[in-house]
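Report on the structure given below.
In each ligand, atom 1 is the first atom listed, and ligand 1 is the first ligand listed. The figures that follow rest on heavy atoms only: side chains count, while hydrogens, waters and symmetry mates do not.
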Amino acid sequence: MKHEVIVVGGGIIGCTIAYFLAQAGAEVAVMERDHVGAHASSAAAGMLGAQVEMSFPGPMVDLCLASRRMFPELQHELWEQTGVDVELNRAGMLRLAWDEEEKKRLQERGQWQQRQGECAHWCEGDALWRDEPELSRAVKGALSLPLDVQLHAPRWLKAMELRARQLGVQFYSGMEVQALLMRKGSVSGVETALGSFEANQVVLAAGAWSAALARTAGVKVPIVPVKGESLALQVPVPLFNKTYFSKGCYLVPKAEQQVIVGATEIHHTFTRGVSAEAIQLLLSEAIRLVPALKESTFLRSWSSIRPGSSDRMPFLGPVTEVGNLYLACGHFRNGILLSPITGKWIAEAMMGKKNPVLSSFSLDRLGVDTGADRREVVKYDSN
Ligand code: FAD
Ligand code: GLY
């Protein structure tokens with residue numbers, strides 16, 4: 001069986017790439033080991049935090065901002081074509097400071113973001129508590145980021161999957177890719193438990209599991225698993241509308257008076273489940289930030305694995321030493337936010353369009369041994 005393009009991984013990154021490719025007329029198959037959205041993409045809080053999570057200027061911020069700008073139009077198209085409401089909440093975000101040192105750091109962050117032309121302003125004291133009456137009086141102030149918005153991540157993924165299907169993308173669920181097939185130094189398809197599939201081009205979008213698959217083509221992609229645990233609360237009355245982001249936790253208000261409290265960051269583990277310690281920590285930080293949350297009802301908790309990279313930036317674009325192979329992995333804490341720009345740029349690159357900005361996100365940027373010159377092929381281990 002042959003496809004023009006095979007995308008490995010049915011998370012938000014794989015689905016969005018498939019959508020952009022199909023829209024440009026390509027014949028695309030997405031191969032997913034479990035089911036579409038089985039992992040990190042459905043666990044996400046849905047923050048489009050192009051400013052809230054960025055500590056210093058650089059290509060990553062620019063990528064995040066470019067992606068955030070794509071949401072309104074894309075969300076509108078998905079809603080028109082699929083009827084899925086992704087519950088875009090445009091109330092904005094507050095990055096909160098607990099002490100003077102953090103206040104100084106956040107004010108500096110606001111300044112460089114303003115210099116970049118972004119909307120960011122400092123707010124404290126009565127002016128802050130007038131607008132946010134439930135916020136703890138112990139916070140020293142907040143960097144207000146009105147353009148950092150948030151949506152319902154599983155619905156965003158569902159809308160993207162449905163639209164990709166409408167455009168003719170073929171989805172294979174329960175299809176674990178076990179190796180990338182090589183012919184004369186280029187990828188020629190994938191090997192699965194159900195046999196081989198040929199392809200002209202293959203995109204590796206397997207999230208935290210991408211490194212294991214890349215090794216089957218002799219390429220080392222330094223992606224590490226970073227577990228995140230979250231929980232949801234039901235509040236009796238709406239307490240706040242903006243997203244609150246602090247050092248200890250973030251609080252993301254959702255429809256039906258629910259609040260997502262996130263998230264832990266545990267490096268180098270693929271283990272699942274939510275620990276009692278994580279729940280204790282997240283709840284105590286949440287109640288510290290908004291004391292009225294102690295009246296809320298605990299609804300559920302969940303965990304998943306983020307695809308982390310050493311410099312917190314994704315790997316995007318072709319692999320220099322291996323033909324026909326494209327990387328779209330390592331989106332760490334920002335894969336929902338980065339899905340539109342990733343989908344667009346990867347699809348364009350695969351159609352031959354040159355994009356100099358992609359070099360900032362290539363595997364070569366780390367200057368580390370990626371092993372591609374020696375082609376040290378390692379057998380796939382799914383963890
Ligand atoms: P995944 O969603 O993990 O998808 C990868 C897919 O590949 C999986 O479905 C997997 O089954 C499949 N796969 C793996 N190996 C194979 C194989 N061998 N063959 C076939 N298929 C395979 N980001 C934001 O932007 N905003 C947020 O608010 C946010 N909050 C988060 C909160 C938590 C608790 C967590 C854990 C993450 C959060 N993130 C957030 C990060 C975001 O979820 C990830 O960056 C994003 O989901 C990565 O998408 P992905 O498609 O690369 O990975
Ligand atoms: N971006 C939020 C998280 O990864 O937890």
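- Contact annotation: C329 has no heavy atom less than 4.0 Å from any atom of ligand 1.
- Using bins of under 30°, 30° to 60° and over 60° for the plane-to-plane angle, the ring pair W209/F270 lands in the tilted bin.
- In terms of polar-atom proximity, defined here as any N/O pair under 3.5 Å, A45 does make such a contact with ligand 1.
- The ligand atoms of ligand 1 that sit less than 4.0 angstrom from a heavy atom of I12 are 49 (O), 51 (O).
- Ligand 1 has no nitrogen or oxygen under 3.5 angstrom from a nitrogen or oxygen of V8.
- Here R163 pairs with E77 in a salt bridge; the nearest charged N to carboxylate O distance falls below 4.0 Å.
- Residue contacts with ligand 1 for Q150 are absent, since no atom lies close enough (heavy atoms, distance under 4.0 Å).
- Near I13, meaning under 4.0 Å from one of its heavy atoms, ligand 1 places the atoms 49 (O), 50 (P), 51 (O), 52 (O).
- Minimum heavy-atom separation, L96 to A142: CD2-CB, 3.6 Å.
- Counting only N and O atoms by type, the side chains of Q234 and T297 include no donor and acceptor under 3.5 Å apart.
- When the side chain to side chain contact (heavy atoms under 4.5 Å, CB included) test is applied to A159, the partners found at least two apart in sequence or on another chain are L78, T82, V84, V86.
- Counting the atoms of ligand 1 from 1 in the order shown, those under 4.0 Å from a heavy atom of M47 are 24 (C), 25 (O), 26 (N), 27 (C), 28 (O).
- Between A38 and ligand 1, no N or O atom pair is found at a separation short of 3.5 Å.
- Listed by number with element, the atoms of ligand 1 under 4.0 Å from a non-hydrogen atom of G9 are 6 (C), 7 (O), 12 (C).
- Residue G228 has no nitrogen or oxygen atom sitting less than 3.5 Å from a nitrogen or oxygen atom of ligand 1, judged on distance alone.
- With a 4.0 Å heavy-atom cut-off, ligand 1 is reached by the side chain of S230 but not by its N, CA, C or O.
- Of the polar atoms of G335, at least one N or O is found under 3.5 Å from an N or O of ligand 1, judged by distance alone.
- Within the structure, ligand 1 lacks K227 among the residues with a heavy atom less than 4.0 angstrom away.
- Residue A208 places no N or O, backbone or side chain, under 3.5 Å from any N or O of ligand 1.
- Among the candidates I13, L325, V5, V8, the single residue satisfying the side chain to side chain contact (heavy atoms under 4.5 Å, CB included) test with V203 is V5.
- Ion pairing between a basic and an acidic side chain is recognised when a charged N comes within 4.0 Å of a carboxylate O; K104 and E101 show no such pairing.
- Summarising the contacts of atom 49 (O) of ligand 1 with S41, A179, P225, G11, the nearest heavy atom is found in S41.
- Shown here for L180 and L213, the closest heavy-atom pair between the two residues is CD1-O, 3.7 Å.
- Looking at ligand 1, you'll find an N or O of E32 within less than 3.5 Å of one of its N or O atoms.
- Of all atoms in ligand 1, numbered sequentially from 1 with element shown, those under 4.0 Å from a heavy atom of M175 are 19 (N), 20 (C).
- Where the criterion is an N or O separation shorter than 3.5 Å, residue side chain and backbone included, F332 meets it with respect to ligand 1.
- Residues that satisfy the side chain to side chain contact (heavy atoms under 4.5 Å, CB included) test with S309, not counting sequence neighbours, are D311, F315, R365.
- Residue-ligand proximity, E176 to ligand 1, at heavy-atom distances under 4.0 Å covers atoms 18 (N), 19 (N).
- Applying the side chain to side chain contact (heavy atoms under 4.5 Å, CB included) criterion to K2, with sequence neighbours excluded, gives E198, N200.
- Here W345 and F361 keep their ring centres 6.0 angstrom or further from each other.
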Could you go through ligand 2 and list every pair where one of its N or O atoms sits under 3.5 Å from a protein N or O, giving the atom names and the distance to one decimal?
| unit_1 | atom_1 | unit_2 | atom_2 | d |
| --- | --- | --- | --- | --- |
| ligand 2 | 1 (N) | E53 | OE2 | 2.6 |
| ligand 2 | 1 (N) | R333 | O | 2.7 |
| ligand 2 | 4 (O) | R306 | NE | 2.8 |
| ligand 2 | 4 (O) | R306 | NH2 | 3.4 |
| ligand 2 | 5 (O) | Y250 | OH | 2.7 |
| ligand 2 | 5 (O) | R306 | NH2 | 2.7 |

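- Under the 3.5 Å distance criterion, with hydrogens and angles disregarded, no donor-acceptor pair is assigned to the side chains of E161 and Y19.
- The 12-atom threshold is exceeded at NZ of K103, counting heavy atoms of other residues, nucleotides or ligands nearer than 6.0 Å.
- Residue contacts with ligand 1 leave out W302, since none of its heavy atoms falls under 4.0 Å from the ligand.
- Below 3.5 Å of separation, one finds an N or O of L337 facing an N or O of ligand 1.
- A donor-acceptor distance shorter than 3.5 angstrom exists from the side chain of Q150 to the backbone of P253, with no hydrogens or angles considered.
- Contacts with ligand 1 closer than 4.0 Å are made by backbone heavy atoms (N, CA, C, O) of M31 only, the side chain lying farther away.
- Near R306, meaning under 4.0 Å from one of its heavy atoms, ligand 1 places the atoms 35 (C), 36 (C), 37 (C).
- No option in R68, Q116, M93, R109 other than R68 meets the side chain to side chain contact (heavy atoms under 4.5 Å, CB included) test with Q51.
- Between I6 and M31, the closest side-chain pair of non-hydrogen atoms falls below 4.5 Å.
- In terms of polar-atom proximity, defined here as any N/O pair under 3.5 Å, G37 makes no such contact with ligand 1.
- Cation-pi check for R272 over W302 is not met; the charged atom does not lie both under 6.0 angstrom from the ring centroid and within 45 degrees of its normal.
- Using the six-membered ring where Trp is involved, H76 and W79 have ring planes that are tilted, between 30° and 60° apart.
- Under 4.0 angstrom from ligand 1, there are no non-hydrogen atoms of L338.
- Interface of A40 with ligand 1, defined as ligand atoms under 4.0 Å from a residue heavy atom, comprises 1 (P), 2 (O), 3 (O), 43 (O), 47 (O).
- Remark: among candidates E265, R333, Q178, the nearest residue to atom 24 (C) of ligand 1 is R333, based on non-hydrogen atoms.
- Counting heavy atoms of neighbouring residues, nucleotides and ligands inside a 6.0 Å radius, atom CD of E73 does not exceed 12 of them.
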